[in-house]
Amino acid sequence: MHDVIIIGSGPAGYTAAIYAARANLKPIVLASSVEMGGDLMTTTEVENFPGFPEGIQGPDLMFAMQQQAERFGADVRMQDATELELDGEVKRVHVGDEVLETRALIFATGSAYRKLGVEGEERLSGHGVSWCATCDGFFFKQKQLIVVGGGDSAMEEANFLTKFADKVTIVHRSEHFRASEVMLERSRANEKIDFIMNAVVEEIVGTESNGTEQVSSVTLRDTTSGHTWSMPIDGVFVAIGSDPRTHLVHGKLDLTTEGTIAVDGRSSRTSVEGVFAAGDVIDPTYRQAVTAAGSGTVAALDAEHYLAAHAVPALVTSPEEAAL
């Protein structure tokens, strides 16, 4: 029987592990065999995480968090949870053929940005392709960019990027936007923003420079005529939404209308006692490494308080002890 099992190894999961391990809860971290470290593993330079004035590579930051958690006694396993049993005081986590039992569970699986699924997108991730303007916009000073999408998030990304880029073009598959009128008008009023309507990205093309391939153009297709053309560009920001990774808890935990795990106020407490959630899986708005880390802190402290309040009584080993 374990005190705490943490599912997920992004900033939320590893921060929860650091706090839980320092509380001597000996947490097991199921870091995943495929998505270990979360989205920051595909991010190059991280300049907005406190404590790194010169910036830090995303994978280096996650490895440092892992090492810190392990230093305090966290057991980090590159394994995937495949099924959860959340009824009763003892929670069961299936990992392949093995079943782990725990008194408290922290769910920190993050969210996954929706991708275009086109040639060059994965290969050029971190080399001109991004899903986060606030994370990467600084690196595109005086550049020509496109933002793909038609909702509020696309408008927000485009407006933010104009702080750095010379020109931002919003590419949308339709002539009708899902964005609110306020956000749409703000984008239309921005002299740095152009629009290409009824078009989709067919391919993202890279060119090698100084030994590294960087985005150099995109191939666009007109959704009405089928005509394709090449557009020179320095960067592609994909803003078509994201999905919290909640497949393991569907039908087991309450979800919000946004699809994230519902928690009680500012706490990490879910609809099932003894189960806590942290990071992007509960956050449809901010989705930053630093907010996820703070959320992981909350989850670990909530789990610690829960375990203290539900302490297992020590076994009586003698009549003398029974009389006390």
Side-chain angles (χ1 to χ4, degrees), residues 39 42-44 111-207 213-244 258-259 280 284-285 287-288:
D39 289 336
T42 60
T43 301
T44 50
S111 64
Y113 290 111
R114 293 175 191 160
K115 297 184 178 180
L116 299 173
V118 300
E119 176 65 28
E121 182 180 24
E122 293 284 356
R123 188 181 75 254
L124 293 166
S125 172
H127 298 277
V129 176
S130 175
W131 292 266
C132 180
T134 54
C135 305
D136 300 327
F138 178 81
F139 303 107
F140 291 88
K141 290 181 177 179
Q142 299 179 317
K143 301 292 185 180
Q144 304 278 326
L145 307 175
I146 67 168
V147 172
V148 183
D152 277 352
S153 60
M155 303 303 145
E156 289 171 0
E157 297 270 287
N159 277 280
F160 180 83
L161 289 169
T162 59
K163 296 179 180 180
F164 310 102
D166 283 345
K167 180 65 67 176
V168 178
T169 301
I170 296 174
V171 176
H172 184 44
R173 63 172 52 247
S174 170
E175 60 185 22
H176 303 291
F177 287 97
R178 292 175 286 106
S180 63
E181 195 62 31
V182 171
M183 291 301 301
L184 188 55
E185 285 306 313
R186 185 178 301 169
S187 299
R188 286 171 172 161
N190 192 321
E191 61 181 13
K192 284 190 172 183
I193 295 179
D194 286 339
F195 293 84
I196 296 179
M197 314 299 297
N198 297 316
V200 294
V201 175
E202 288 278 277
E203 181 182 4
I204 302 173
V205 180
T207 300
E213 190 178 16
Q214 293 287 139
V215 168
S216 57
S217 67
V218 292
T219 301
L220 300 177
R221 174 174 59 84
D222 190 296
T223 57
T224 55
S225 68
H227 170 68
T228 62
W229 73 100
S230 178
M231 178 180 179
I233 209 72
D234 299 305
V236 178
F237 283 79
V238 182
I240 56 176
S242 64
D243 297 305
E258 293 93 347
D280 287 5
T285 305
R287 298 195 298 271
Q288 298 296 304

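Keep in mind the model is a prediction, meaning the values are calculated, not measured.
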Residue pair [X] / [Y]: nearest heavy atoms and the distance that separates them:
X      : Y      : value
Gly150 : Ala154 : N-CB, 3.9 Å
Asp136 : Ser130 : OD2-OG, 2.6 Å
Ser153 : Ala239 : OG-O, 3.7 Å
Pro232 : Ser217 : CA-CB, 3.9 Å

Is [Y] close to [X] at the side-chain level, that is, under 4.5 Å between some pair of heavy atoms?
X      : Y      : value
Trp131 : Ser125 : yes
Arg114 : Asp243 : yes
Glu121 : Val238 : yes
Val147 : Leu161 : yes
His127 : Arg123 : no
Ile146 : Val148 : yes
Tyr113 : Cys132 : yes
Met155 : Phe177 : yes

Show me the donor-acceptor pairs within less than 3.5 Å that the side chains of residues 194-207 make with the rest of the protein, sequence neighbours left out.
from: Asn198; atom 1: OD1; to: Glu175; atom 2: N; distance (Å): 3.2
from: Glu202; atom 1: OE2; to: Arg221; atom 2: NE; distance (Å): 3.2
from: Thr207; atom 1: OG1; to: Ser216; atom 2: OG; distance (Å): 2.7

To the nearest 0.5 Å, how far apart are [atom1] in [X] and [atom2] in [Y]?
X      : Y      : atom1 : atom2 : result
Ser111 : Arg287 : OG    : CZ    : 6.0 Å
Thr228 : Asp222 : OG1   : CG    : 10.0 Å
Leu145 : Phe237 : CG    : CZ    : 5.5 Å
Glu122 : Glu119 : CD    : CD    : 10.5 Å
Ile193 : Ser187 : CD1   : OG    : 4.5 Å
Ile240 : His172 : CD1   : NE2   : 11.5 Å

With sequence neighbours left out, the residues meeting side chain to side chain donor-acceptor pair (under 3.5 Å) with Thr162 are Asn190
Whether Asp166 and Lys143 form a salt bridge (side-chain N of Lys/Arg under 4.0 Å from carboxylate O of Asp/Glu) is what I want to check. no
